[in-house]
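Quick note on labels: first sequence line is chain A, next is B, and so on, each numbered from 1. Only this structure's heavy atoms are used, side chains among them; waters, hydrogens and symmetry mates stay out. Predicted, not measured: the structure shown is a model, and the values here were computed from it.
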2 protein chains.
Amino acid sequence: MVVTRSDVAREAGVSPAVVSYVLNNGPRPASAQARARVLDAVQKLGYRPNAIASALRAGSTRTVGFLTPNRGNPFFGALAEAVEQNLNDQGYLMLAANTHGYQPDELKLLRTFVDRRVDGLIISGGTTLVGPTLQEVEQPVLVFDDPGSWAGCSSVQPEDHLDAAAAVDHLQNHGHDLIACVVGPPRIGSEARRLAGWRAQQRLRGVYAGDELVAFADQSEAGGDQAARLLLSDHGRPATLHGRRPTALFVASDVQAIGVLWACHELGVRVPEDVAVVSMGGTRAAAYSIPTLTTVRQDVVYLATTGCTQLLRLVADPLTPQTHLRVRGNLVVGQTCGCTVAGSG
Amino acid sequence: MVVTRSDVAREAGVSPAVVSYVLNNGPRPASAQARARVLDAVQKLGYRPNAIASALRAGSTRTVGFLTPNRGNPFFGALAEAVEQNLNDQGYLMLAANTHGYQPDELKLLRTFVDRRVDGLIISGGTTLVGPTLQEVEQPVLVFDDPGSWAGCSSVQPEDHLDAAAAVDHLQNHGHDLIACVVGPPRIGSEARRLAGWRAQQRLRGVYAGDELVAFADQSEAGGDQAARLLLSDHGRPATLHGRRPTALFVASDVQAIGVLWACHELGVRVPEDVAVVSMGGTRAAAYSIPTLTTVRQDVVYLATTGCTQLLRLVADPLTPQTHLRVRGNLVVGQTCGCTVAGSG
DNA sequence: CTGTTAGCGCCTTCAC
DNA sequence: GTGAAGGCGCTAACAG
């Protein structure tokens, strides 16, 4: 049977309250003698406080819920890991769940977390759980996404639009004008913003940015593979492109870019000589692909740290003002953009 | 303020117990009329049961703790994800934490989980938490590792030794005899077993398997990169190898193999023509490397399913007999072993 | 069929 | 400096 606080009290010859005083260093003092006897008894019996009972009484579980569409994606995986580490360091535990981007599941899991009285909630990008959906939640919420027009939660948001534009700009500086775009489903906010960033930057240079240059793809290697085959195929190229094949690809995520590189390899298309590639993410995989990816790196540790700090501040004091942070990525030059081949970058 | 069960009871004009009966479909029946009024009140007030109170009373949190050394490693990441999915499907939530292979952290996190009264524990390979360490734990435990000589927990274990031998055997069948080995720290059980598998298979064919052929490396791309540079360097090659460079590498994990491929690329060593590579894992990354990895694939979904099933069986009935399952991987032929170049495989 | 009640283990105010 | 007691919200045994 499990040993309870009363058992310790009995063993130490004190009352249960004193056990609490000693173990929690307060809120009342205890004599040195009582303290010693309690600690001895704790040791002897191997007593461990029941965190569930404590949570019920104290109204805090020291747990944060983390909802993400897909931890298999290295970006979300790394973000989740960084968040977890941060929370652990602060004495919190993370309850995590994958939603697979499926809205009913998202809601169900959100409810589950709330029922379990998590102290706070973190919603990563790629979910539909932003703005109004979260209104009913009592706990503080942090979203790694655009919070929409609603200010009910704090947010730490990658600058998807600007970062995408920066990636495209880099390709343009290499002299490319026919730059195609591989991107995830546009119902996901971050993907829509990256697509818009690509389009805006193309138009800024007065370059064509029609739909024939866009391939929507699953956020996976396989998705990138298929998209690249589509965009680079010599068959059925739209008349609007005057028979030209894109000379560069902007790819909205590293994981898709890995698939793109593979497709190019299979098709005998050289990267970056025949087609240059720039992607977004900056995950570990990007640094060890062949050739290495030029990518706009998001610092997940920074995202996680600022996000967790703000969330825990809100947990400690719900009256803390909301914050909305936007974080720029930075271009990490690899081998896929062409900088290392011809010195035009 | 949060709405409690008593509020619902008051609103519905019944007693709190009846609310429980209705919401839990038992343990006692309720009249159709009472049921309707309760459900109305629940709806109207937006009542959600407090899972913490329920857990305290019922003695079950419907939560499982998962301890892993490093979720950044695609293999553990995929395993964790599969486990999480399994548990969610059964109405459980997963509490997860990374130990970074650091024993004090492992113990601390284990304690934290136990304090929180998880219903069960899952320990992935790569931790030191096997056997006796877990004796003090009351909850059922499942380890994805060798449980040691101690039968206090159930286990689902990849056949590291046999799988490693199979990988080496495949290289041997391609005519290689000087097969080096890249492997993680031997204090980790799975790594030690893979190393032993390599050695046993080499000796089986009467081939040299000395320590000069082994490079211990961090379980990361960078680790594989460094190990490959060491083993393939033309400088300082041990006299015992008669000046020969290994013609093949057995790499104990995909993530290291990605680094190995990159090092080969950098060194101008062609894979598989100059050096053949076979690794272990079978993660998604292996299928999209250039060239694609020949690897011994572990079916993480199968591991997770059988593991979770057994654990939840133990949770439901602690008297369920322990089980110890060993699971073979299967060789997935890619392009790094040489099968696709010369038809000798 | 329904209501009342005794805890689950802990924290903390209040009385000594 | 210490002990007794109430209650966090819920479940289930026990009485009606």
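Taking the side chain to side chain donor-acceptor pair (under 3.5 Å) definition, one finds that A:D7 meets it with A:R10, sequence neighbours left out. For the salt bridge (Lys or Arg N to Asp or Glu O under 4.0 Å) test, residues two or more places apart in sequence or in another chain that qualify with B:R326 are B:E159. Looking at residues two or more places apart in sequence or on another chain, you find a side chain to side chain donor-acceptor pair (under 3.5 Å) between B:T323 and B:Q310. Remark: A:R313 pairs with no residue by the salt bridge (Lys or Arg N to Asp or Glu O under 4.0 Å) rule, at least two apart or across chains. For B:D317, there are no side chain to side chain donor-acceptor pair (under 3.5 Å) partners, not counting sequence neighbours.
For residues 92-103 of chain B, no residue pair satisfies the salt bridge (Lys or Arg N to Asp or Glu O under 4.0 Å) rule, not counting sequence neighbours. Here salt bridge (Lys or Arg N to Asp or Glu O under 4.0 Å) pairs that include residues 35-45 of chain B, with residues two or more places apart or in two chains, are B:E11-B:K44. Pairs passing the side-chain hydrogen bond (donor to acceptor under 3.5 Å, both in side chains) check and including a residue from residues 63-80 of chain A, sequence neighbours excluded, read A:T63-B:R116, A:T68-A:S124. Residue pairs meeting the salt bridge (Lys or Arg N to Asp or Glu O under 4.0 Å) criterion with at least one member in residues 46-69 of chain A, sequence neighbours excluded, are A:R48-B:D115.
Atom CG of B:L23 and atom C1' of C:dT2 are 16 Å apart (whole Å). The CZ-P distance, from A:R57 to D:dG9, rounds to 10 Å in whole Å. Separating the CG atom of A:D7 from the P atom of C:dC8 is a distance of 11 Å, rounded to the nearest angstrom. Residue A:N24 contributes atom CG, which lies 12 Å from atom P of C:dT13 at whole-angstrom precision. What separates CZ of A:R62 from P of C:dC11 is a distance of 13 Å, to the nearest Å.
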Could I get a table of every N or O pair under 3.5 Å where one atom is in the protein and the other is in nucleotides 1-4 of chain D?
{"from": "D:dT2", "atom 1": "OP1", "to": "A:S31", "atom 2": "OG", "distance (Å)": "2.7"}
{"from": "D:dT2", "atom 1": "OP2", "to": "A:S31", "atom 2": "N", "distance (Å)": "2.6"}
{"from": "D:dT2", "atom 1": "OP2", "to": "A:S31", "atom 2": "OG", "distance (Å)": "3.4"}
{"from": "D:dG3", "atom 1": "OP2", "to": "A:S15", "atom 2": "N", "distance (Å)": "2.8"}
{"from": "D:dG3", "atom 1": "OP2", "to": "A:S15", "atom 2": "OG", "distance (Å)": "3.3"}
{"from": "D:dG3", "atom 1": "O6", "to": "A:Y21", "atom 2": "OH", "distance (Å)": "2.8"}

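No hydrogens or angles considered: a donor-acceptor pair under 3.5 Å links the side chains of A:H100 and B:Q85.
Comparing the start and finish of the helix from C:dC1-D:dG16 to C:dC16-D:dG1, five pairs each, the helix axis swings through 50°, to the nearest 10 degrees.
OP1 and OP2 of D:dC8 both lie 4.0 Å or more from every side-chain N or O belonging to B:T4.
Separation of atoms CD (B:E84) and CG (B:L79) is listed at 11.5 Å; rounding is to 0.5 Å.
Of the residues in residues 41-54 of chain A, those placing a heavy atom less than 4.0 Å from an atom of DNA chain C are A:Y47, A:P49, A:N50, A:A53, A:S54, in numerical order.
In this structure, the nucleotide among C:dC11, C:dG7, D:dC8 sitting nearest to the side chain of A:L56 is D:dC8.
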